[in-house]
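Data first, discussion second: the structure below is written as structure tokens.
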Amino acid sequence: MININYRDLNTIRAKIALLMAASIVKYEEIKTNNSGSCIDASIEVERDLDPWLFIDFDGDATLEIDDKVYAAYTENRIFRLNPGPHNVRLCLSNINYAGGRSVRYNGMYVVYHAPNTFRLAIKALIISEIAEVFEDLRNSLLIILNKSLDKVLITTVSPKQISMFLKYMTQYIRPIPDFLGSIFAYYTVEELSFLRPPDIDELERMSKEALKVLDEELNHLSNYMGKRGILYTIGYSHLDLAWLWPVDVTRQKVRRTVGDMLSIITQYPEAKFAWSNVAFLNWLKSDDPRLFQKFKEAVNSGLIVLVGGSWVEFDANLPGGESLVRQFLYGQRFLLREFGRTAEVGWLPDTFGFPASLPQILKKSGIKAFFEAKLSWSTINRFPYSVFQWEGIDGTRIITINSQQFWGEFHPNDIKRALQFHTKPDLPAFQPFGRTDGGGSTTWISMERFRVINTVPGTPLIMIEDPANYVKILERSNDLPVWHGELYLETHRGVYSNGTSMKKMVRELEVALRDLEIWSVLLNVRRSYEDYWHTLLEAEYHDPMGATNTKNAYDDIMSRLVDVFNRVNEEIKSILNGAVTNDDNWYTVFNSLPWSREVMIELNKPLKGYPAQRIGDNRYIVKVNAPPMGMVSYEIGDGIATGDVSVNDTEGFIENSIIRVYYGDGKLRVYDKEVNREVIRESRLVACEDIAIPWSGWNLEGWYRRNCVVLLPKSIEVVERGPLRATVRLTYEFKKSLVTQLIHVKDHSRIIEFEVDADWRERFIVLRNEFILGIKGEHATYEIPYGVIERNNKPSNPWDAAKFEVPASRWGDLWDTDYGVAIINRGLQGYSALENVIGITILRSPMFPNPFLDYGKAHVEYAVYPHRGSWIDGQVPRIAQEFNVPVRIVKGKTVSESFMEIKNPGILLEALKWSEDDKNTIVIRMWETHGKETRASLEINGEYESIYEADLLERVTGNLDPEKIVFKPYEIKTVLIRMRNHVKPHLRLS
């Protein structure tokens with residue numbers, strides 16, 4: 001029932017707005033000097049009043065007041081000042097906070113408030129926000145506010161006070177009363193000059209009494225009502241590395257974000273902040289050593305807490321497993337080196353889903369608990385837990401915190417939602433507060449809210465704490481629920497396939513860095529390549545990796561990757577050239593995989609006595625053997641024209657002795673000659689409408705399948721006819737776009753290779769290759785970073801149905817017990833499997849945030865691998881690694897040599913490198929791929945001093961008996977072998 005004797009909420013807000021305006025005693029525009037993009041000023045701030053600096057602008061800037069640094073942006077334009085002289089510098093960014101081009105600057109002011117009146121206005125405003133959000137407290141708080149505001153009678157306010165209020169305080173209060181917000185639509189300041197300001201001394205006296213009443217009434221209410229619920233929190237600034245702005249802008253944002261945090265801590269000693277993204281600290285150390293030192297002091301004082309432990313907040317689905325390991329290897333080592341500690345709480349609040357292998361990677365990187373806040377974005381199923389034990393595919397469990405969001409300014413609505421989202425009411429909830437995406441710390445209004453809310457009965461108790469202290473509470477709980485398997489995000493599925501050039505370059509650089517480290521060890525070049533890894537790891541931040549950034553940010557990251565890729569390949573070339581003697585009559589082939597391979601290489605001359613096929617002017621493909629992780633030389637000379645590949649123009653197929661690929665009717669089909677069955681009934685390119693709102697650049701929604709066009713080839717031509725390789729070229733036209741598909745069949749190989757070149761001129765279309773298989777399709781299995789997972793391709797519930805597009809690392813396989821078909825990719829990672837149809841997304845063409853994305857020329861490569869039996873029987877992990885790791889060729893001759901061989905097909909080697917701490921110790925990282933416990937022995941030919949097992953940070957965890965190495969299912973195993981000086985390792989794992 002409405003009580004006409006009390007002001008309602010809107011009327012209370014109107015009086016608070018009037019208080020804010022009336023509290024402005026005076027203001028002075030600052031005289032400034034321009035120095036390039038920076039604006040400088042010297043000011044003298046008076047005493048006795050409450051002085052604030054107000055920047056009248058719309059944009060993003062670094063503010064410096066004497067030796068303090070602040071983040072200034074459209075939503076954070078006022079800053080407390082101390083009395084006395086100050087030097088002020090404002091350096092404007094050429095883009096706004098969210099990366100847009102609209103930037104406006106009108107001037108800076110010193111604004112003086114009447115202290116009691118302004119304090120009353122802010123406190124009353126916050127209590128009114130609580131009353132609005134917490135319905136059961138509303139009547140009690142409105143009565144308290146009425147009693148307090150009764151003590152203040154305002155009979156006038158000047159037009160200058162109104163004008164300044166409208167300029168800089170309206171972002172904090174809504175609604176704006178018409179007598180303030182609309183008055184200048186009808187009257188000028190001059191016309192309203194008859195309105196005088198209130199008597200400040202009287203206003204201050206009344207405000208002081210009103211504050212007293214407010215405190216007394218809240219204390220009285222606390223006699224009847226206590227706090228309800230506990231919310232643990234910490235300040236946090238989510239800062240995207242290259243989203244709507246390039247990296248150089250991010251470096252500016254890092255500096256002002258750190259300065260902002262330190263300034264807030266000075267003003268509010270109870271404040272604490274979490275910091276992830278180690279790369280940003282590396283930048284800060286270089287860009288502003290003085291500020292970095294202050295940051296270190298805050299860490300040592302416990303006011304800033306190091307979380308995450310990774311180089312950046314990475315995409316967890318798309319990079320290779322070794323990239324995820326290096327995130328922590330280099331991130332944690334930096335923290336240990338600079339701060340004497342490592343992070344204990346993993347921190348990926350905005351990452352687009354999490355593979356089931358991540359718990360093992362986290363735990364073996366020194367992480368005790370994991371925080372994310374993205375699963376709340378899922379659009380089909382609500383994730384059931386806010387705190388839980390997450391169990392990975394290998395059985396590793398890690399405490400995981402799933403918050404509703406990772407930003408906020410302590411608004412009561414955020415606090416209420418955090419408690420409502422929490423699923424374990426017997427335990428406190430957790431949610432960080434602060435800015436998101438564009439940097440800047442928790443603001444002054446946030447901290448004022450924190451202080452006021454904790455004085456109001458009936459609201460949750462908010463505790464700003466190190467997240468590790470919250471984890472300790474969870475560790476004491478013995479009934480946390482358990483979630484098994486991946487944490488699949490039911491949105492942002494388009495990121496698996498965005499940016500074909502980015503995905504391809506990331507994969508190629510991962511492979512190149514792997515090779516560089518391997519050949520450095522085997523050929524005794526002792527140095528760390530951490531600096532190269534930094535560039536790759538930064539590109540694997542979730543926005544650039546998903547290609548969900550603006551064109552300038554995308555191009556910036558690509559140019560950095562290409563530069564490092566070229567440098568890495570130059571180093572590899574130099575190392576390999578050092579292993580051969582100059583002889584123009586020989587080629588040497590280097591194989592970095594630890595098993596022998598039959599490979600086809602492309603040369604400008606054939607090799608003496610080896611199968612060769614001419615494919616163009618001075619271009620040949622030659623089939624050779626490469627020893628396990630070793631090198632072998634071949635003499636140039638006349639090749640032999642032999643092989644089992646042929647073409648049948650009459651019936652329209654290319655084939656070898658194992659498989660036949662029909663193309664004659666424009667519908668590709670594959671027949672397995674060894675088992676006499678059609679294994680792929682149709683391969684088809686489909687172009688489908690791809691419109692998803694919101695987040696169109698991120699999201700691929702299930703309804704894309706409603707409006708698809710099957711592309712039919714306009715021309716078909718056999719361009720290579722064997723005997724080593726036959727190739728058919730199919731050309732498609734779609735609207736204004738041209739797509740060419742090359743399909744290769746090679747000598748004695750089951751692998752059918754696809755190359756797609758597109759001149760793509762469409763938007764709002766997704767292009768896919770779908771394969772209708774000649775099997776039932778009982779299982780769909782995919783590689784994930786350092787793991788393998790099975791997903792249901794016959795959905796019977798909403799959780800399975802939501803996975804209509806899924807991420808894979810290098811391969812996905814649809815199989816029955818007797819037969820299967822794998823699709824192996826080189827950077828195309830969006831897959832689908834439904835019943836007996838498996839598909840891969842070739843490219844997307846969204847309009848935002850990058851309308852140029854994949855517009856024009858695009859080149860992608862993938863392979864189809866039909867095989868007998870399951871993916872294990874077909875040795876798909878090995879085949880996929882072979883497809884992604886080419887041999888390397890240099891001119892010259894050497895002695896054939898093999899350094900390492902792994903006989904067990906279930907073990908993959910992903911890294912062989914020098915130790916970060918000891919250049920006489922080599923690090924071997926392997927993983928078990930079949931999901932079975934495996935025993936192996938390691939033969940080491942060469943003198944070594946010791947062999948140990950280590951965690952992913954290369955810290956020794958125990959002795960290792962090389963003759964009795966046990967791999968648990970999907971285990972990642974790191975082995976350290978200390979070699980005697982200058983001894984090449986020769987290893988054999990069987």
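For the salt bridge (Lys or Arg N to Asp or Glu O under 4.0 Å) test with E678, the passing option among R660, K673, R669 is R669; the others fail. Among the candidates V312, D315, N549, T351, the single residue satisfying the side-chain contact (heavy atoms from CB on, under 4.5 Å) test with Y541 is V312.
Atoms OH and CG, from Y663 and L730 in turn, are 9.5 Å apart once rounded to the nearest 0.5 Å. How far CZ of R725 is from CD1 of I615: 5.0 Å, rounded to the nearest 0.5 Å.
Side-chain contact between V247 and I557 is present, with at least one heavy-atom pair separated by less than 4.5 Å. At least one side-chain heavy atom of S683 sits under 4.5 Å from a side-chain heavy atom of N769. W377 places a side-chain heavy atom less than 4.5 Å from the side chain of W695. Looking at heavy atoms from C-beta onward, Y862 lies in side-chain contact with V756 at the 4.5 angstrom threshold. A heavy-atom distance below 4.5 Å is not found between the side chains of H867 and D873. Residues Y488 and R493 form a side-chain contact, since some pair of their non-hydrogen atoms from C-beta on lies under 4.5 Å apart. Side-chain contact check for S737 versus Y732: every heavy-atom pair is 4.5 Å or farther apart. Side chains of N825 and F754 form no contact here, defined as non-hydrogen atoms less than 4.5 Å apart.
No donor-acceptor pair closer than 3.5 Å links the side chain of D854 to the backbone N or O of S845. Side chain of N707 to main chain of C688: no donor-acceptor pair is present (N/O by atom type, distance under 3.5 Å, no hydrogens or angles). A side-chain donor-acceptor contact under 3.5 Å links Q613 to the backbone of L724. A donor-acceptor contact shorter than 3.5 Å links the side chain of N498 to the backbone of G546. A donor-acceptor contact shorter than 3.5 Å links the side chain of W483 to the backbone of E486. The backbone N or O of G100 lies less than 3.5 Å from a partner atom in the side chain of N96, making a donor-acceptor pair. Checked by atom type and distance alone, the side chain of Y970 never pairs as donor or acceptor with a backbone atom of G392 at under 3.5 Å. In this structure, W760 contributes its side chain and R844 its backbone to no donor-acceptor pair below 3.5 Å. With R560 contributing its side chain and T535 its backbone, the two residues share no donor-acceptor pair below 3.5 Å.
For the residue pair F352 and T548, the shortest heavy atom distance occurs at CE1-OG1, 4.4 Å. The two residues A858 and L843 come nearest to each other via the heavy atoms CB-CD2, 4.3 Å. Scanning all heavy atoms of the two residues, the minimum distance from A726 to V647 falls at CB-CG2, 4.0 Å.
Relative to the ring axis of F883, R810 does not place its NZ or CZ within 45° and under 6.0 Å from the centre.
Under a 4.0 Å N-O distance rule, the pair R768/E805 qualifies as a salt bridge. E778 has no carboxylate O lying under 4.0 Å from a charged side-chain N of K794, or vice versa, which leaves the two without a salt bridge. Under a 4.0 Å N-O distance rule, the pair R706/E689 does not qualify as a salt bridge. Using a 4.0 Å cut-off between a side-chain N of Lys or Arg and a carboxylate O of Asp or Glu, R750 and E674 qualify as a salt bridge.
Using a 30° and 60° split on the angle between ring planes, W698 and F848 fall in the tilted class, from 30° to 60°.
E783 and S809 are not linked by any side-chain donor-acceptor pair at a separation below 3.5 angstrom, with hydrogens and angles left out of the test. One side chain, E490 or N381, offers a donor N or O that lies under 3.5 Å from an acceptor on the other. At a cut-off of 3.5 Å, with distance as the only test, a side-chain donor of N797 or D800 sits close to an acceptor on the other residue.
Under the side-chain hydrogen bond (donor to acceptor under 3.5 Å, both in side chains) criterion, N884 pairs with R507, sequence neighbours left out. With sequence neighbours left out, the side-chain hydrogen bond (donor to acceptor under 3.5 Å, both in side chains) criterion links K667 to no other residue. With sequence neighbours left out, the side-chain contact (heavy atoms from CB on, under 4.5 Å) criterion links S657 to D644, H748.
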Residues R326, E322; criterion salt bridge (Lys or Arg N to Asp or Glu O under 4.0 Å); working and verdict: CA-CA 6 Å; R326 299 304 175 96; E322 187 61 22; 2.6 Å; yes
Residues T491, N699; criterion side chain to side chain donor-acceptor pair (under 3.5 Å); working and verdict: CA-CA 6 Å; T491 188; N699 289 354; 3.1 Å; yes
